[in-house]
2 protein chains.
Amino acid sequence: MTRQHGVSRADVAGEAGVSPTTVSLVLNGRADEKRVSKQTQERVREAAWRLRYVPNSAARAMVGRRHLTVGMVTRQPPSTLHLPIFEYFAVGAVEEAARRQHTVKILPPVTDVESYDVFAVLRDAHVDGIVVHNVGWLAQVLADWRMPVVYVGPGEDHDDLPLDRIGMVTTDEQGGMCSSARYLADVGHTTVGVVGNATPEGAPLRRMRAFIDEFAHHRGGISHYIDPGDWTWSPEDGHRATKQLLEAWPGITAVQVGSDWMAIGAMRALVEAGRRIPDDVAVVGFGDFPVSAFLNPPLTTVTWPLHDLGGKAVEMLLAQLDGKPDGLGAVVLPTELVVRSSTRQ
Amino acid sequence: MTRQHGVSRADVAGEAGVSPTTVSLVLNGRADEKRVSKQTQERVREAAWRLRYVPNSAARAMVGRRHLTVGMVTRQPPSTLHLPIFEYFAVGAVEEAARRQHTVKILPPVTDVESYDVFAVLRDAHVDGIVVHNVGWLAQVLADWRMPVVYVGPGEDHDDLPLDRIGMVTTDEQGGMCSSARYLADVGHTTVGVVGNATPEGAPLRRMRAFIDEFAHHRGGISHYIDPGDWTWSPEDGHRATKQLLEAWPGITAVQVGSDWMAIGAMRALVEAGRRIPDDVAVVGFGDFPVSAFLNPPLTTVTWPLHDLGGKAVEMLLAQLDGKPDGLGAVVLPTELVVRSSTRQ
DNA sequence: ACAGCCGGCGCCGGTTTTACT
DNA sequence: GAGTAAAACCGGCGCCGGCTG
């Protein structure tokens, strides 16, 4: 129950000695327009305050056809939700929503296709539209159920989304990775290790593939990588994967890691193996999270505008709700290589 | 609008050739109990699927008096919301809520007392209860408005909360800090620097005060600290504060930092100043976040069960909603010192 | 007549339009 | 014409009572 013993509009009306209509008028600021006398207004406000009256939000949503709420869906922990990635993104969304008098609701995370009951989720959603993070098929399905949708994410599976019905915001991860590949090649590296190519599904992540290709095509460098099976992009997994990588390919002089969080574990593994950073092995991360500039050594990495991603997604979703056309179609946010001490002596 | 051209229950009824009541019965699983024939059930389900019918969540919430939603409030960024602290806590809440068929909604963050319109927030909340993070006065006010509330947080201002009407979950931060103080004293430190004593309001954080007192009483050690004014508990602020600390008190042999995120900046500042960790200066953090064990060097710190904190808060809130008494009163979660290489050669 | 099935109707608590002193 | 109240409606849920074979 929203309130224990629901004080209703009628209670306030009784207390103030007016009709329920007048209570609505006064509390919604339409009293002057409707010529309710100042004394009556004051009486209503006084009564509402005394009773701590709050209009029932469900009733308002029903008649107003607006919840002023944006839903947000992502994958099941631990793959995404419990990583700070989600947070940076979510905070951007919350802030943009707040700017527009909306709030954000976190809908049940997705595990797999079969067990996700779209009907039940929508039935209990209380949401005007949904931002879908990193689950392409769900964006598609929600759109089929006539729910306004914006898809965001690294996008391994967003190729055939119907952009005339849904919005999409992505980041130019491949571009940033290509910058890194060219940079490492240009400063003389010819053999790098790649940590983070595999997703839980086993498909190579597109941005890692972009790195490998660019590193090969630019100056003919070679990328070695391992597939440690399921991982969660945690420092721990970066640590484990890098140890395996060093055993398999001891000759690498640089490591490109798939995220800064894994890069922290990777740097630790390198130090434990007696390699100096960057003297023996250079390290490049991905993400440029707030800690990255303060690590020992400060980490060279690719910026990833996750905060903007969340904000832009909400902006587009609200545009859709207002019937504006710019809430649909694709938007790509830029990335950039930031060189720090982990690659530079 | 939840759905562009609202398909209503009546539409499904028309399509299936039954009454609206029957549609509800079938879709809510009470069809067998009410002896609706299998054929009719199938016809209804078929029609509902064909029209992609979803019951209006606002209407359901109104009649059912339940939103199946838990609200969550914290302070305005950047003080809390955009720190990973929020994430660990929030994820615990989301997971526990999901376990109980509920979802979590992020309500507008609090800036200050005057500008926070409790009436408007509650009016648009669509929640059954609220978890308040770190804003004692708001927990009190919401309870006055008859909203079920659980307060969580480090708790500088929760001393006089009415525990007969609200739930409270805190962590034994002081205990963990005292362990750290005794440990540092026992291994021979007599003069430590403290980073993170000041909140934006200027009052010393209780857990930092606990450290200082215990360090003094246990073996007569001395704590030096500085107040760098407003800060956001970021690595950057930890870096800045530690630099100031080293200038003011060059003789310190250990640093107790208020959070692991600041500790990352603190370690960087120490390295930049040419101090070796732990040989010249030992470092202790607070939080034990996933990265902390993989830093260079791995960080000694105090565990902080933020994930459990979020889960427990939701658990208590839902207990309140079920009318159970154990949703009220105070619960304290334990902390623990974890010794790693940043204090041990 | 008596199960087995289904539909009419009032209600939840607001907003908005219209009508009435 | 100023000020307030009545009534329709939003879209579901569920109690009854009634219709069927």
Side-chain angles (χ1 to χ4, degrees), chain A residues 1-14 16-44 47-48 51 53-68 119-120 122-126 128, chain B residues 1-14 16-44 47-48 51 53-68 119-120 122-126 128:
Chain A
M1 59 214 103
T2 299
R3 281 158 290 111
Q4 251 88 346
H5 286 298
V7 174
S8 81
R9 198 177 51 143
D11 299 327
V12 178
V18 298
S19 83
T21 306
T22 308
V23 175
S24 284
L25 255 28
V26 172
L27 261 31
N28 290 323
R30 308 197 2 158
D32 286 330
E33 169 193 340
K34 288 291 182 176
R35 292 174 290 222
V36 175
S37 68
K38 292 295 179 197
Q39 301 98 306
T40 304
Q41 291 191 37
E42 195 42 51
R43 239 182 322 137
V44 169
L51 298 177
Y53 167 69
V54 179
N56 181 301
S57 55
R60 279 175 56 98
M62 191 166 86
V63 61
R65 294 145 176 288
R66 276 279 187 144
H67 297 269
L68 300 177
F119 177 84
L122 288 177
R123 193 232 284 134
D124 298 331
H126 302 92
D128 302 314
Chain B
M1 58 215 103
T2 301
R3 284 159 287 114
Q4 250 87 348
H5 286 298
V7 174
S8 80
R9 199 177 50 141
D11 299 326
V12 178
V18 297
S19 81
T21 305
T22 309
V23 175
S24 284
L25 253 29
V26 172
L27 264 29
N28 290 323
R30 310 198 354 153
D32 286 328
E33 169 192 340
K34 290 291 181 178
R35 294 174 289 222
V36 175
S37 69
K38 293 293 179 196
Q39 299 96 310
T40 304
Q41 291 191 35
E42 196 41 52
R43 239 184 319 140
V44 169
L51 298 177
Y53 166 69
V54 178
N56 181 300
S57 56
R60 280 174 55 94
M62 193 166 86
V63 61
R65 294 145 178 287
R66 276 278 186 145
H67 297 268
L68 299 177
F119 176 83
L122 288 177
R123 195 232 283 133
D124 297 331
H126 304 91
D128 302 312

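Residue numbering restarts at 1 for every chain, and letters A, B, ... go by the order of the sequence lines.
The side-chain contact (heavy atoms from CB on, under 4.5 Å) search around Arg43(B) returns Val18(B), Thr40(B), not counting sequence neighbours. For the side-chain hydrogen bond (donor to acceptor under 3.5 Å, both in side chains) test, residues two or more places apart in sequence or in another chain that qualify with Asn28(A) are Arg60(A). Partners of Ala58(A) under the side-chain contact (heavy atoms from CB on, under 4.5 Å) rule, at least two apart in sequence or in another chain, are Asn56(A), Ala61(B), Met62(B), His67(B). By the side-chain contact (heavy atoms from CB on, under 4.5 Å) test, Ala10(A) pairs with Ser8(A), sequence neighbours left out. The side-chain hydrogen bond (donor to acceptor under 3.5 Å, both in side chains) check on Arg9(B) picks up Ser24(B), with sequence neighbours excluded.
Straight-line distance from the NE2 atom of His126(A) to the P atom of dG11(D): 15 Å, rounded to whole Å. Here dT16(C) presents its P atom at 14 Å from CZ of Arg66(A), a figure rounded to the nearest Å. The distance from atom CG of Leu27(A) to atom P of dG14(C) is 10 Å, rounded to the nearest whole Å. Between Leu25(B) atom CG and dC9(C) atom C1' the separation is 15 Å, expressed in whole Å. Taking atom CZ of residue Phe119(A) and atom C1' of nucleotide dG12(D), one finds them 12 Å apart after rounding to whole Å. dG13(C) atom C1' lies 15 Å from atom CZ of Arg123(B), rounded to whole Å. Between the C1' atom of dG12(D) and the CG atom of Asp124(A) lies a distance of 13 Å, rounded to the nearest Å. Between the NE2 atom of His67(B) and the C1' atom of dG12(D) there is a distance of 14 Å, rounded to whole Å.
For the atom pair CG (Leu25(B)) and CD (Glu33(B)), the distance works out to 7.5 Å, reported to the nearest 0.5 Å.
For the contact set between residues 37-44 of chain B and DNA chain C, defined by any heavy atom under 4.0 Å, the members are Ser37(B), Thr40(B).
Residues Asp32(A) and Lys38(A) are in side-chain contact: their nearest non-hydrogen atoms beyond the backbone lie under 4.5 Å apart.
Closest approach of Val7(B) to Leu51(B), counting heavy atoms only: CG2-O, 3.8 Å. Thr22(A) and Val44(A) make their closest contact through CG2-CG2, 4.5 Å (heavy atoms, listed as atom of the first residue, atom of the second, distance). For the residue pair Ala16(B) and Ala47(B), the shortest heavy atom distance occurs at CB-CB, 3.8 Å. Heavy-atom minimum distance, Tyr53(B) versus Phe119(A): O-CE1, 3.2 Å. For Ala48(A) against Leu27(A), the heavy-atom pair with the smallest separation is CB-CD2, 4.3 Å.
Nearest nucleotide to the Val18(A) side chain, out of dT16(C), dA5(D), dC13(D): dA5(D). Of the candidates dA5(D), dG14(C), dG7(C), the closest approach to any side-chain atom of Pro55(A) belongs to dG14(C).
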Using the 3.5 Å cut-off, write out each protein N or O paired with an N or O of nucleotides 6-10 of chain D and the distance between them.
| residue | atom | partner | partner atom | Å |
| --- | --- | --- | --- | --- |
| dA6(D) | N7 | Thr21(A) | OG1 | 3.4 |
| dA6(D) | N6 | Thr21(A) | OG1 | 3.2 |
| dC10(D) | O3' | Arg65(A) | NH2 | 2.9 |

Polar atom pairs between nucleotides 19-21 of chain D and protein, under 3.5 Å, N or O only, would you list them?
none

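Taking side-chain N and O atoms only, Tyr53(B) has a distance below 4.0 Å to OP1 or OP2 of dG12(D). In this structure, Thr22(A) does not reach the dT4(D) phosphate: none of its side-chain N or O atoms is under 4.0 Å from OP1 or OP2.
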